[in-house]
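The figures here come from the full heavy-atom set of this structure, side chains too, leaving out hydrogens, waters and symmetry mates.
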Amino acid sequence: MPNPKRKHTPHRRDCRRSANSKLDVPNSSKCPNCGAAKMPHKVCPSCGFYNGKLIIPKKVKKSAAQTQEQGASK
């Protein structure tokens with residue numbers, strides 16, 4: 001079985017590996033409502049709008065002061 005004539009340097013090996021390890025960025029579009037990047041033909045994950053309509057209402061976290069007020073009123 002033939003052997004390689006010359007040893008490949010670590011630089012040559014690393015350049016070959018780095019050229020094949022790059023990830024492709026998926027296509028994205030801009031949300032017309034909030035301007036965040038989103039996948040095309042999908043509901044915007046940041047605002048929940050699709051085609052100008054609210055599809056998924058965004059959840060609002062209650063602050064600690066609001067929860068104490070609700071507990072005191074009961």
Side-chain angles (χ1 to χ4, degrees):
M1 182 170 183
N3 291 323
K5 192 169 187 178
R6 302 241 187 255
K7 177 183 176 182
H8 289 185
T9 63
H11 176 75
R12 182 175 172 174
R13 178 202 62 212
D14 294 343
C15 283
R16 183 189 71 236
R17 289 181 182 174
S18 69
N20 294 324
S21 64
K22 293 178 183 174
L23 298 175
D24 292 333
V25 178
N27 292 336
S28 65
S29 62
K30 190 175 180 181
C31 176
N33 187 46
C34 66
K38 68 174 190 71
M39 296 290 290
H41 306 289
K42 302 284 182 183
V43 176
C44 179
S46 62
C47 65
F49 273 73
Y50 179 76
N51 201 16
K53 296 176 184 175
L54 181 63
I55 304 297
I56 302 171
K58 192 172 183 177
K59 293 181 180 177
V60 178
K61 290 185 177 180
K62 293 181 181 179
S63 64
Q66 289 177 344
T67 55
Q68 289 178 355
E69 289 176 4
Q70 290 178 352
S73 64
K74 289 183 180 178

Report the C-alpha distance between C31 and S46 in whole Å, list the side-chain angles of each, state the deciding distance to 0.1 Å, and finish with yes or no for side chain to side chain contact (heavy atoms under 4.5 Å, CB included).
CA-CA 9 Å; C31 176; S46 62; 5.7 Å; no
Taking the side chain as C-beta and beyond, is there a heavy-atom pair between S29 and K38 under 4.5 Å?
yes
If the condition is side chain to side chain contact (heavy atoms under 4.5 Å, CB included), which residues does I55 pass it with, not counting sequence neighbours?
V43, Y50, K53
Can you give me the closest heavy-atom contact between C47 and L54, atom names plus distance?
O-CD1, 3.8 Å
Any residue meeting side chain to side chain contact (heavy atoms under 4.5 Å, CB included) with R17, in chain and number order, not counting sequence neighbours
R13
Return yes when atom CG of D14 has more than 12 non-hydrogen atoms of other residues, nucleotides or ligands closer than 6.0 Å, and no otherwise.
yes
Rounded to the nearest 0.5 Å, what separates atom CG in N20 from atom NZ in K22?
9.5 Å
